[in-house]
Amino acid sequence: MARGKLRIHLGAAPGVGKTYAMLSEAHRRVGRGTDCVVGFVEHHGRPRTEVMLHGLEQVPRRELEYRGGVFPEMDLDAVLARRPEVALVDELAHTNVPGSRNAKRWQDVEELLAAGIDVVSTVNIQHLESLGDVVESITGVRQRETVPDEVVRRADQVELVDMTPEALRRRMAHGNIYQPDKVDAALSNYFRPGNLTALRELALLWVADRVDAHLTQYRSEHRVSAIWGSRERIVVGLTGGPEGRTLIRRGARLAEKGAGGEVLAVYIARSDGLTSASPKELALQRTLVEDLGGTFHHVVGDDIPAALLAFARGANATQIVLGSSRRKTWQYVFGPGVGATVARESGPDLDVHIVTHDEVAKGRGLPVARGARLGRSRRVWGWIAGVAGPPLLAALLNTVDLGLANDMLLFLALTVAAALLGGLLPALASAAVGSLLLNYFYTPPLHRWTIADPKNIVAIVIFVAVGVAVASVVDLAARRTHQAARLRAESEILAFLAGNVLRGETGLEDLLERVRETFGMESAALLERAGDVEPWTCAGRVGRGRPVERPDQADVDIPVGDHMALALTGRVLPAEDRRVLAAFAAQAAVVLDRRRLQEEADRARTLAEGNRIRTALLAAVSHDLRTPLAGIKAAVTSLRSEDVEWSEEDRAELLEGIEEGADRLDHLVGNLLDMSRLQTGTVTPLIREIDLDEVVPMALGGVPEGSAGLDVPETLPMVAVDPGLLERAVANLVENAVKYSPPGAPVLVAASALADRVEVRVVDRGPGVPDDAKERIFEPFQRHGDAPRGAGVGLGLAVARGFAEAMGGTLNAEDTPGGGLTMVLTLRAAGTRPELHPAAEPERQAS
């Protein structure tokens with residue numbers, strides 16, 4: 001069965017017209033005779049969108065019960081049984097209600113496509129999974145419903161539904177997107193012009209990248225080698241020389257002149273891996289091109305001009321930037337150079353820019369890493385083979401007559417052995433001594449330093465040349481092998497260091513210990529001083545070596561800036577080790593700075609929290625506590641007044657006011673005391689096993705009758721809690737929910753079992769809380785939104801969460817399906833392992 005095709009209408013924000021465009025497409029297809037049905041389309045109460053549903057067949061939805069509510073979802077089985085040619089499925093990133101076959105709607109769509117049904121769907125750019133962090137940084141809202149990017153990329157068609165931010169805000173203001181009571185909040189928050197512009201740019205760039213990928217695929221499938229200049233792509237050819245930074249900046253300036261310009265810096269390395277380019281310079285150039293918004297590429301190729309042109313054509317580049325040759329005049333006898341060759345073979349579709357720089361005609365004097373020396377034992381044996389070996393071989397050959405040719409081959413083998421053991425110099429010594437011995441003992445006239453036959457002269461010269469050539473190759477191979485092993489070790493060390501830096505895992509002492517172990521030192525210390533004349537102090541030290549008070553007392557010291565140094569004791573390190581050591585020293589300084597900044601931030605946070613709490617406490621005392629006191633004072637004064645004769649009803653009303661004010665004071669003072677105990681860590685719950693129906697109903701005594709309903713099944717397992725703390729926590733949650741619930745919508749307190757936990761849910765139908773404020777409402781002295789001063793000091797939820805955590809539970813907020821806020825109090829079931837608050841002591845009673 002052929003797989004169905006997926007068409008997605010992509011938008012930058014809600015309200016741009018994705019669903020409307022999808023329904024318009026459906027009407028066009030139905031008009032052409034296509035069997036098209038509506039699997040699931042949500043019009044969100046928008047009249048124009050709802051009208052577009054008329055005339056389209058709709059598959060009845062499936063209703064699912066979840067947590068006391070009924071929610072409609074797409075009936076996947078019904079759509080599969082109906083088997084239309086095209087199905088409309090709105091909101092691709094939607095999360096299905098628990099109980100559905102699949103967790104996500106895009107998984108439903110995958111089943112429809114697998115069944116051979118074409119699907120038309122919609123999705124907003126903020127719901128792409130890879131853009132979650134970017135969207136959160138722009139809007140401040142974390143998208144909980146996401147769809148994998150690969151699902152959208154696999155779509156056969158992606159159509160951008162675009163609208164300017166100004167037009168979208170006008171639609172919002174006219175009430176075409178949200179209900180009128182939500183328009184002002186939306187325009188001042190998510191639908192701000194800056195947010196919409198940034199989201200629109202994300203959508204346009206994403207679609208542009210997808211179009212570019214399709215173009216690249218088309219060119220590959222149809223073997224199009226000609227360059228299509230759809231946008232400027234500048235390839236900057238690098239050699240690893242110091243002129244590379246000039247070329248990168250020139251390429252970036254060229255890219256800025258065209259819309260959507262792109263810079264691709266490429267370094268062509270030889271396939272044998274032997275290069276004279278400076279790794280440090282290449283690293284600097286990589287950083288520069290990435291800072292300028294370009295990309296760095298490392299390509300292998302022995303024919304540099306051909307490899308560069310192949311890369312440029314493969315990337316669909318329009319321009320190549322090269323530097324003027326650094327070769328001297330006499331070096332042009334070996335060829336025209338890379339720049340001239342690329343310019344000659346680029347063809348009419350590639351522009352080649354030759355850029356002058358300060359290194360022109362100064363020679364290719366790039367830094368070449370020196371080969372590491374061979375081991376001492378190998379050098380000793382190499383010299384023994386090179387100097388003592390030829391006389392011993394000559395003494396052995398004097399006992400037998402093998403002929404001049406065989407004698408020369410044996411001396412050549414000895415020279416190769418000397419090269420293998422000791423490198424170039426022992427091999428040269430072996431070749432020199434061997435040639436003299438061959439001349440004296442085996443070349444006529446014998447026992448004289450002359451050669452009679454010119455042919456023998458040629459043979460000895462060839463012998464020496466072959467010996468030197470073989471020795472050079474062997475020596476170079478040995479040095480490269482040793483150098484590669486060392487560079488590999490350095491790269492592993494630096495990779496470890498970089499990984500720790502990115503994860504932020506390495507402390508100063510851990511880093512110093514790593515330095516000490518890596519280089520086999522006795523001790524490592526980071527020294528610093530405040531000024532040039534100030535004494536040195538030790539910021540961190542590891543190891544058992546002698547204490548170092550100044551950098552000049554250490555065996556090795558690496559300066560870090562003007563007033564900091566890494567000091568090591570134990571032995572003197574070779575110069576080549578200092579490069580890696582310098583990286584460790586720089587990171588040690590960064591770790592030290594980070595630790596101090598963290599300490600300062602913690603101190604500042606503590607001071608700020610204290611100041612905030614003191615300020616809030618003063619505000620509470622000055623207003624929220626004085627208000628009920630003023631009411632009590634006024635009522636008492638009225639009752640004691642002898643000038644007025646109060647009726648029994650009036651007297652009862654004044655006494656009721658006094659009682660309400662006293663209860664309110666008691667509640668506020670109780671929350672203040674509870675918060676004080678939580679912040680000082682003196683809450684010590686007495687945990688015991690009880691039934692929820694023994695405690696939860698008592699928590700509803702402080703709210704008006706009929707304002708809260710209770711659903712606590714008797715079959716629930718017992719919970720391990722402090723009854724007093726649990727009652728206070730639930731009471732605070734219920735009072736908060738009743739405060740924000742609209743008239744006629746009672747709060748529901750429901751409990752259910754979940755594995756080894758028991759959940760108590762306090763559900764209201766109020767205005768709800770945005771995702772970015774769901775954690776903030778649990779902070780002390782927080783009132784969400786425009787809550788009036790008389791609504792309390794903002795401690796109820798903070799106290800409730802503190803009590804929940806003290807009992808080993810959790811308290812979180814989530815949206816109520818259909819609108820509102822649900823507080824979820826999770827408690828530990830009896831018989832499970834306790835996870836008490838650190839200050840908890842079961843022997844003491846807290847409530």
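Values below: every heavy atom of this structure, side chains too, minus hydrogens, waters and symmetry copies.
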Check your understanding: Any chance the side chains of Gln143 and Thr139 put a donor and an acceptor closer than 3.5 Å?
Key -> no
Review point. Does the side chain of Glu145 come under 3.5 Å of the side chain of His127 through a donor N or O and an acceptor N or O?
Key: no
Closest approach of [X] and [Y], non-hydrogen atoms and distance?
{"X": "Ala265", "Y": "Leu238", "answer": "CB-CD1, 3.9 Å"}
{"X": "Ile558", "Y": "Ala585", "answer": "CG2-CB, 3.8 Å"}
{"X": "Gly237", "Y": "Leu247", "answer": "O-CD1, 3.5 Å"}
{"X": "Val235", "Y": "Ala317", "answer": "CG2-CB, 3.5 Å"}
{"X": "Ala312", "Y": "Leu350", "answer": "CB-CD1, 4.1 Å"}
{"X": "Asp149", "Y": "Glu129", "answer": "OD1-N, 3.2 Å"}

Taking [X] for its side chain and [Y] for its backbone only, find out whether a donor-acceptor pair lies under 3.5 Å.
{"X": "Asp118", "Y": "Gly4", "value": "no"}
{"X": "Arg313", "Y": "Ser346", "value": "yes"}
{"X": "Asn195", "Y": "Tyr190", "value": "yes"}

**Study point:** Euclidean distance, Leu254 CG relative to His353 NE2, rounded to 0.5 Å
**Key:** 5.0 Å
Check your understanding: So does Arg169 have more than 12 non-hydrogen atoms from other groups sitting under 6.0 Å from CZ?
Key -> yes
Point to revise | Contact check, side chains of Val289 and Val236, non-hydrogen atoms, under 4.5 Å | key: no
Review point. Between His297 and Phe311, does the ring centre distance come in under 6.0 Å?
Key: yes
Point to revise | Among Arg105, Arg3, Lys104, salt bridge (charged side-chain N to carboxylate O under 4.0 Å, His left out) partner for Glu110 | key: Arg3
